[in-house]
Engineer: 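This is the structure I have questions about; it appears just below.
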Amino acid sequence: MTHRVQLSETVDTGHPLDPLSADEIIAAVELLRAGPAAAPTFRFVAVVLREPDKHLLRSAEQVARTAECVLIERSSGTAFEAEVDLDAAEVTSWRALPEGTQPAVMLDEFTEAEDNCKKDPRVVAALAERGLVDLDLVCIEPWSAGYYGVDPEGRRLLRCLVFARLEPDDNPYAHPAENLVIVYDQNAGEVVDVEDHGLIPVPRETGNYLPSYLPPPRTDLKEIRITQPDGPSFMVDGQLVTWANWSFRVGFTPREGLVLHQLRYRDGDRQRSVANRLSLVEMVVPYGDPSAVQYRKNAFDAGEYNIGALANSLSLGCDCLGEIHYFDGVVVDALGTPVTIKNAVCMHEEDDSIAWKHYDFRTDQAEVRRSRRLVISFIATVANYEYGFYWHLYLDGTVELQIKATGILSTTAQSPDAPRSVYGQALNNDGLYAPIHQHIFNVRLDMEIDGPANTVIEVDTVVPDDNPTRSAFHTVERVLETEQAAIRKAAPESHRFWKIVNRSSLNTVDEPVAYRLLPGADSITLAAQPDAWVTRRAGFATQNLWVTPYAPDERFPAGEYPNQSTGGGGLPAYAAGDRSIVDGDLVVWYTFGMHHVVRLEDWPVMPRQHVGFTLQPFGFFDRNPVLDLPIPASAAVDECCHPTSGS
Ligand SMILES: [Cu+2]
């Protein structure tokens, strides 16, 4: 089918990996509105760049700009996928998704749900029973409905929880109306059911963090000023960033937020590829409390809520400090209007202590070099929680993802007279408590160590049986040859890590060049049992490592549409074919996270925790790659680096 509209102005297509501009989104939406999505009942879940296949990108300078779109027709409840060729100005593909497919929750559906719930007399009555009569102070919080064995009969559902404020600025999470769940149909725009699992008094004690509720802030901290009088060391050309020896392209999608494309390291006169694409592709937050309401809290914040679309507009001096470059993120609202998130991605350099040092006590000579890192980050607010995603590039070739969790606990209430639940932490003596839970993240690492032909090797440290000194240990390597063989867990007891190697590119000692994926203390997996619904729906999270052959349509570890999914999609399905992953173009998927046993200190707003992992060159370079760092200016003029006595 062909539908043509005139673009409002000439679109500068830039690089094929640049995210869709607002104009391109407008053009795609107009073409769909002029064609198959003419009915006013269509809603736009996503209008994003269809990233060109990387093989095509390698072979051609110009590839067609294509928008991939997901829509819902609300009266029938049918979801559709469409592709729009923006160069040809035509809708090139339009197909209905299988019945029951529920794309991610749209932001507009949140506000609509809250408004419509408050209009329902059953809701008003249930609130009144709990003493909640001022609806302006009631917060209806829509949670994804998940799937627990009951056919939703085609309904697009939210399960809304209720919190209350005592006054407009009050923190509602101090006052959960536990055991009240409003089941809401987003397509029909109506309440399906009000579940009441028993009256528990709404805790009254407040828990506030706004300055107006707190004593005056402390005054004993002097200002720290980060200045770079000569400006930052990075250069930005559109979405292309070069910094020190690194270069990469910044991408942004509503589902993943920040994406790093074409990550390369300049090594002498070689531009060496490290990764084709890096991003967070899913996260799931399962709660461990089996009570009627809490066990259904298993949000998939990327696949169900589009964590990129929830990105904050960042502000200088608060979220980021120093010489900052910002990138905007463009998303689409339910009616197809582009929405620009100003300053969605922040990039800056940070001092990072020492890069290397040695003091030669024989000559009384010290050499030290400073490390620094480039930080590319965004912060998303998912209702109560904040997540900051910080990619760090280091001068020595190390890549790190650090995820910072802060914000407010998802609270509940227990009767103050009942014995305290073992499934959470009491936050006060008024019945407020927060259940134990996990934040499990998955990253998709499309690695290309010196090119796409890579292999993954598991490295364990073993103590040999033949060990007369009782003190010997060494590493053993095992090639992970197929997808099933590459479904692995971290093993701190054997100091396990995984190498991504290129066996056709050898280093100075004739070993394949490699990066290693270092699982840290955060290499957790799902705590739930194998037959729990959340385990079936988030199968990826039962393992730390998966490796699959590169396939452009294998993008999300819980499947394309995890919202209300019945399970089995994503990585377990991709890996079912047990394809070979030896010397091929492959994708490494890594699961890690935060096992959140709640602390009293997490209330009323949580001090930032962080979890993450590291990708480190491992025989990728022939030597320490940062011998060439500048000598610190002060080393020449003072004795800071020269201790006066040794031992
Ligand atoms: Cu938590």
Side-chain angles (χ1 to χ4, degrees), residues 139 141-144 146 159 161 163 171-176 178 203 207-209 257 280 282-291 293-305 307 310-312 377-390 401-414 420-428 432-443 520-528 532 534-535 537-538 540-542 544 558 591-613:
C139 304
E141 189 166 281
W143 278 70
S144 55
R159 292 176 61 82
L161 307 184
F163 301 86
N171 174 7
Y173 297 106
H175 317 293
E178 182 56 8
N208 283 304
Y209 56 88
L280 174 103
E282 194 52 272
M283 53 175 293
V284 60
V285 188
Y287 283 74
D289 182 338
S291 66
V293 174
Q294 299 298 315
Y295 91 94
R296 288 175 182 252
K297 283 164 59 174
N298 296 294
F300 292 66
D301 288 345
E304 290 181 338
Y305 290 138
I307 199 159
L310 304 175
N312 297 174
S377 67
F378 77 104
I379 302 175
T381 301
V382 189
N384 52 305
Y385 264 112
E386 264 71 18
Y387 298 100
F389 300 90
Y390 292 72
L401 176 64
Q402 195 175 70
I403 299 179
K404 303 181 185 184
T406 177
I408 305 178
L409 295 162
S410 180
T411 53
T412 172
Q414 54 193 346
R420 281 183 179 160
S421 169
V422 298
Y423 294 108
Q425 172 64 49
L427 296 175
N428 62 25
L432 185 71
Y433 95 104
I436 190 169
H437 59 280
Q438 299 180 298
H439 305 257
I440 303 187
F441 304 95
N442 187 270
V443 284
D522 315 315
S523 53
I524 65 165
T525 53
L526 267 184
V534 67
T535 311
R537 299 181 60 234
F540 74 89
T542 62
N544 295 113
T591 303
F592 62 102
M594 175 176 162
H595 188 80
H596 197 169
V597 182
V598 174
R599 304 180 301 156
L600 276 179
E601 290 84 348
D602 293 339
W603 182 253
V605 62
M606 191 170 89
R608 178 265 299 142
Q609 302 268 12
H610 58 78
V611 296
F613 69 95

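Start at 1 and go down the list; that is how both ligands and their atoms are numbered. The structure displayed is predicted, hence computed values, not measured ones.
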Engineer: With a 4.5 Å cut-off on side-chain heavy atoms, are Leu432 and Trp603 touching?
Structural biologist: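 Of all side-chain heavy-atom pairs linking Leu432 with Trp603, at least one is under 4.5 Å.
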Engineer: Who are the ring pair (Phe, Tyr, Trp, His ring centres under 6.0 Å) partners of Tyr305, not counting sequence neighbours?
Structural biologist: Phe110
Engineer: Does either side chain, that of Tyr387 or that of His439, offer a donor lying less than 3.5 Å from an acceptor on the other one?
Structural biologist: yes
Engineer: Testing the 3.5 Å rule here: is there a donor-acceptor pair between the side chains of Glu178 and Tyr433?
Structural biologist: no
Engineer: So, Thr381 and Asn312: side-chain donor and acceptor under 3.5 Å apart, yes or no?
Structural biologist: yes
Engineer: Any heavy-atom pair between the side chains of Asp522 and Ile403 that's under 4.5 Å?
Structural biologist: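 Sidechains of Asp522 and Ile403: no contact.
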Engineer: Excluding waters, which protein N, O or S atoms are within less than 2.8 Å of the Cu ion (ligand 1)?
Structural biologist: Tyr385 OH, His437 NE2, His439 NE2, His596 ND1
